[in-house]
Novice: 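What follows is a structure written as structure tokens; I'll ask about it next.
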Amino acid sequence: MVSGAIRTWPQDVPAAEVRTPKTAEALYLQLRNVGLDKSRVYRVREGSLDRSGLHKMAPSPLPMMYSDTLRAVFSRVMERS
Amino acid sequence: MTSPDRAERASMALFTGMAILEEQFATAYFRFNDDSYAELQPSLRPADHAEEFISQWNASALNLAESDALRLLLSFANFLPVTKSESLPLVTAPPGTGVDRMLHARLQGRTLGIFDVYFDSAASEPLWAGQTRTIEGGAFYDVWTSFSPPSGSKTEKEAEQKTDDITIVRYEIRADVKPPTVLNGDARLQVSTGRGGERALLFELSRFLQLKTVESNGRPLEFVHNQALEGSQLSRRGNDLVAVIFPEPIKPGQKLELRFVYGGDVLSEAGGGLLYVGARGTWYPNRGLAMSNFDLEFHYPLGWTLVATGKRVPLIPSSALPGNRPAEVQGEQVARWISQRPLPLAGFNLGRYVRAAAHAGEVTVESYATAGMEHNFPRAPGEVVSVPDIRKPGPFGEPPLVVTPPPPSPARNAQSVADRSARAVDVFSRYFGPYPYDALAMTQMPGKSSQGWPGLVFLSSYAFLTPDQKKQLHLSPVETIFSGQALAHEIAHQWWGDLLTWRSYRDQWMFEALANYCALMLMESESPSEFRMVMDRYRDDLLEKNKNGELLKDAGPVTLGLRLSSSHFPNGYEAISYGRGTWLFHMLRCMLRDGEAKGSRDLRSANENEPFIRSLRKLRDRYEGKVITSGDLLRVFEEDLPPALRFEGKKSLSWFLEGWINGTALPRFELLGVKYLPQSNATVVSGTLLQKEAPESLVTSVPLYAVVGGKAPVLLGRVFVDGPEANFRLTAPVGTRKILLDPYQTVMARRH
């Protein structure tokens, strides 16, 4: 999964490992073709996501995965600012 | 997931069988741009069998990634490298300053199958859930519920901040129209921005128009428009959205001049000299319905007639055009159309037309029709004619001679269409105030549908038929009436839908229903029986059942808009918006009329002085050029609400909004225990009015009439029934021995 929460993630992956989109088209194509990252497969236990009027809960162990394709993009931004 | 109001809970129940979405899921796909990961992080543990998991789900993840890509591009474009220009200093803007939260969950429920739940702070209704379903070959996206966060919540405040503040002030569009298929466009948009900070903006543009370049203030911009999709993939997987990416965040209050150059096949030849403009709403880049000024220049071949929104103006001398472009080029025509006032959208139609004209006061009303019908127009069935020929007697007799009537020619009826249109413009101008433009063009369009654009009506070929020609096609009586009604319906849109428009999809019903009802008011004055037939049909349709035994009326309230068309009710939007909506306006009109004047009534006396029409005139005066909501409409009616219609003494129609507009009720009314008490100069009538097959909370104003001798029924008054029953006590004329419950059918109610 791609997540804006990457902003708050620890910078444990060197930016160079991930290809940085330089153009909007490249970024779009990357967003459209996001797959899974086998190094980031987790089980989630008793996690929940809440929004007003919406509550999602995973009470039983549930595999979860995400991809940080955009990590480098964020890293660059953070470095610049 | 808990919807905040009754209508949304009913919608959820229609699709899921439960008012609150509470479903166990075994598999889920989440995609988000916010801190959802941080929320979950404390619950994450390293998993076993990672590779097995990846091999099982990676293909699904890749497949699902496409659906959110464009939305996420709007978020992540903020992180693209900034190109600092000399003219525009770099502005320190997002990331992080605005609230931009999106979460999409695709869940595989244990009982409901695969469905989606969204939270998107950029949407006008940030929370929604729904499901794709295929029924009898047709794919529907059933929106189970959609709503804003509870009042006062943090997410509500976030959503408010995300309202669109990008305004397209003016369009200058040069279009080269090359029948039968091609349109090339060069559109310049003057854009004013509000808070600024955006790196990417979305525009609508037909997927079949290939975008060549986009510029901002002369600088090329990046754009995304169905990248990597070609041919048949465009129809299936493409969309009609363009994302335009700016080299740096837009500054607050910045003025932009955007230029789009594009072209493609969006026209098709329908035959008979007719073209079908397939991208009527998306032939130029726009951001949805919003008032703007338009300057349109069309280049098209000789032999064709092109009609557009706005006023046709003389061409600028070629010497004054940029690059000394010739105004008239050999072999082509050039025409320029400029909007006389801000319009919500612009369009054009073209064909090998014959023109006819009529006048409604100062307004020129033109009709444009072709000599023939489109290729797929149904042919009238042949008629068997027996022609005995005594010179050639044969053992089996003469073969029957089949005579097929010649195909109708719309051009021959063009003058009649112009005349009828002028009459409608004249009447509606008296009712709702002056027609907003100098001219109205009624232009023939292939197919059964019609559309009313500002000053330009795309009118179905069927509307150009005479009654006899419709008979030859064996249209049913109601179909004949409906096709005849299209002309006045689309003209009414000049006021309702073009001069005033709707704020959100929840308010769109007002304009279809009101345009429809305006057309029906004209019909009522000419043919009350046809009016009755249409109203009966609308009401009876609502009680039709689908294959699951669900009543069409339960597709939802009018305020669900296009969501009403679903896998349960494929034609739900038309039936509810046009049918129920028309009845709602009829109820309002009759209530106001009854509330203002007691006594006998004449259903055929629609006129500019009746309260319903007075209020509509006020609505127009107050809101022309603006968007309105259902609440705005009712507030205008409330201002002159007669005492007889004040439920619990309040000058408010909130009971009508809650029970009838936001509801699906179609009750049955009965009288019980009616007593007549003769007095010296009157009869006191008392009894109980029952409201059945309706929600407990439904409030209705029901008219009661007295019958005295052989005279026409006399209106006694209107009785509010709040819930299942209401007692009443009314004063009737001397000699009253019978009362009637809504004999003129002014309240939408079951009759059988």
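Letters A, B, ... are given to chains in the order of the sequence lines, protein chains preceding strands, and every chain is numbered from 1. The structure presented is a predicted model; accordingly, all values stated were derived computationally and were not measured.
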Novice: Kindly determine whether B:Arg31 and A:Leu31 satisfy side-chain contact (heavy atoms from CB on, under 4.5 Å), including the steps that lead there.
Specialist: CA-CA 11 Å; B:Arg31 202 165 188 206; A:Leu31 287 165; 4.0 Å; yes
Novice: So does B:Gln24 have more than 12 non-hydrogen atoms from other groups sitting under 6.0 Å from CD?
Specialist: no
Novice: Closest approach of B:Ala65 and A:Asn33, non-hydrogen atoms and distance?
Specialist: CB-N, 4.3 Å
Novice: Using heavy-atom distances under 4.5 Å, tell me whether B:Leu64 contacts chain A through its side chain, its backbone, both, or neither.
Specialist: neither
Novice: Short question: side chain of B:Asn58, backbone of A:Leu36 - any donor-acceptor pair under 3.5 Å?
Specialist: yes
Novice: How long is the straight-line distance from CZ of A:Arg43 back to CZ of B:Phe53, given to the nearest 0.5 Å?
Specialist: 9.0 Å
Novice: Could you tell me which non-hydrogen atom of B:Pro81 sits nearest to which non-hydrogen atom of A:Pro21, and how far apart they are?
Specialist: CD-O, 4.2 Å
Novice: I'd like to verify something: which residue of B:Ala129, B:Ser55, B:Ala69, B:Ser43 has the highest number of heavy-atom pairs under 4.5 Å with chain A?
Specialist: B:Ser43
Novice: If we only count heavy atoms from C-beta on, is the B:Ile54 to A:Val41 side-chain gap below 4.5 Å?
Specialist: yes
Novice: Please name all residues satisfying side-chain hydrogen bond (donor to acceptor under 3.5 Å, both in side chains) with B:Glu222, sequence neighbours left out, ordered by chain then number.
Specialist: none
Novice: Roughly how far apart are A:Tyr28 OH and B:Leu72 CG, rounded to 0.5 Å?
Specialist: 11.0 Å
Novice: Between CZ of A:Arg32 and CG of B:Leu70, what distance do you get to the nearest 0.5 Å?
Specialist: 10.5 Å
Novice: Is the CD atom of B:Glu125 crowded by more than 12 outside heavy atoms at less than 6.0 Å?
Specialist: yes
Novice: Listed by chain and number, what are the ring pair (Phe, Tyr, Trp, His ring centres under 6.0 Å) partners of B:Phe203, not counting sequence neighbours?
Specialist: B:Phe260
Novice: If you count heavy-atom pairs under 4.5 Å with chain A, which of B:Leu62, B:Asp48, B:Leu21, B:Asn63 comes out on top?
Specialist: B:Leu62
Novice: Quick check for you: to the nearest 0.5 Å, what is the distance between B:Leu80 atom CG and A:Thr23 atom OG1?
Specialist: 7.5 Å
Novice: Side chain from CB out, backbone as N, CA, C, O: work out which of these in B:Leu73 comes under 4.5 Å of a heavy atom of chain A, or both, or neither.
Specialist: both
